[in-house]
Amino acid sequence: MTTSYYKKLLKQLRAKPAKLKRFAKFNAPKERKYGIGTKKCRRCGRTGGHIGKYGLNLCRQCFRDIAVKIGWKKYS
């Protein structure tokens, strides 16, 4: 399964109980404990370009958008 949010998929399958049962049996997502899937941007949910330093937990695109608001300065 991709890194997308699987609960959205489960919400769609609630209308189709037989397919939901089959999905839960064969395709239930694993709970991740380490790796790239565990580090998501707290603003948008992306997994790529994660910045965890200083407790930011943002992707690089979101950091670029809000860096000035949270007190970072660009010197060059």
Side-chain angles (χ1 to χ4, degrees):
M1 179 170 232
T2 63
T3 58
S4 64
Y5 198 53
Y6 73 91
K7 289 186 179 179
K8 185 177 176 183
L9 179 64
L10 292 177
K11 187 178 177 183
Q12 291 175 345
L13 287 175
R14 281 191 197 129
K16 301 173 184 174
K19 288 195 175 193
L20 177 63
K21 187 177 176 184
R22 182 173 171 78
F23 177 82
K25 183 176 182 181
F26 295 109
N27 302 94
K30 294 182 214 172
E31 185 177 330
R32 305 292 176 184
K33 295 179 181 169
Y34 54 89
I36 195 168
T38 59
K39 297 174 185 171
K40 290 188 177 183
C41 175
R42 67 179 177 183
R43 187 167 178 237
C44 68
R46 278 188 200 140
T47 57
H50 184 82
I51 302 170
K53 197 167 187 177
Y54 308 116
L56 289 174
N57 292 324
L58 294 169
C59 66
R60 63 180 184 85
Q61 290 89 353
C62 290
F63 178 74
R64 190 178 169 105
D65 288 343
I66 64 167
V68 175
K69 289 180 186 174
I70 61 175
W72 291 80
K73 292 180 183 176
K74 186 174 182 179
Y75 287 106
S76 60

Requested in this report: Evaluate side chain to side chain contact (heavy atoms under 4.5 Å, CB included) for Leu9 paired with Phe23, printing each intermediate quantity in order.
Outcome: CA-CA 10 Å; Leu9 179 64; Phe23 177 82; 3.5 Å; yes
Query raised in the report: Of all heavy-atom pairs between Leu13 and Lys19, which one has the smallest distance, and what is that distance?
Result: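 The pair with the smallest heavy-atom distance is CD2-CB, 4.1 Å.
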Got a second to check how far [X]'s [atom1] is from [Y]'s [atom2], nearest 0.5 Å?
X	Y	atom1	atom2	result
Gln12	Leu10	CD	CG	9.5 Å
Lys40	Arg32	NZ	CZ	10.0 Å
Lys39	Ile51	NZ	CD1	12.5 Å

Query raised in the report: Is any side-chain heavy atom of Ile70 closer than 4.5 Å to a side-chain heavy atom of Leu56?
Result: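 Yes. Closest side-chain heavy atoms under 4.5 Å.
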Query raised in the report: Tell me, do Arg43 and Asp65 make a side-chain contact under 4.5 Å, heavy atoms counted?
Result: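 Yes; the side chains approach each other to less than 4.5 Å.
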Quiz: residues 57-64 side-chain donor-acceptor pairs under 3.5 angstrom, not counting sequence neighbours:
{"from": "Asn57", "atom 1": "OD1", "to": "His50", "atom 2": "NE2", "distance (Å)": "3.3"}
{"from": "Gln61", "atom 1": "OE1", "to": "Arg46", "atom 2": "NH1", "distance (Å)": "3.0"}

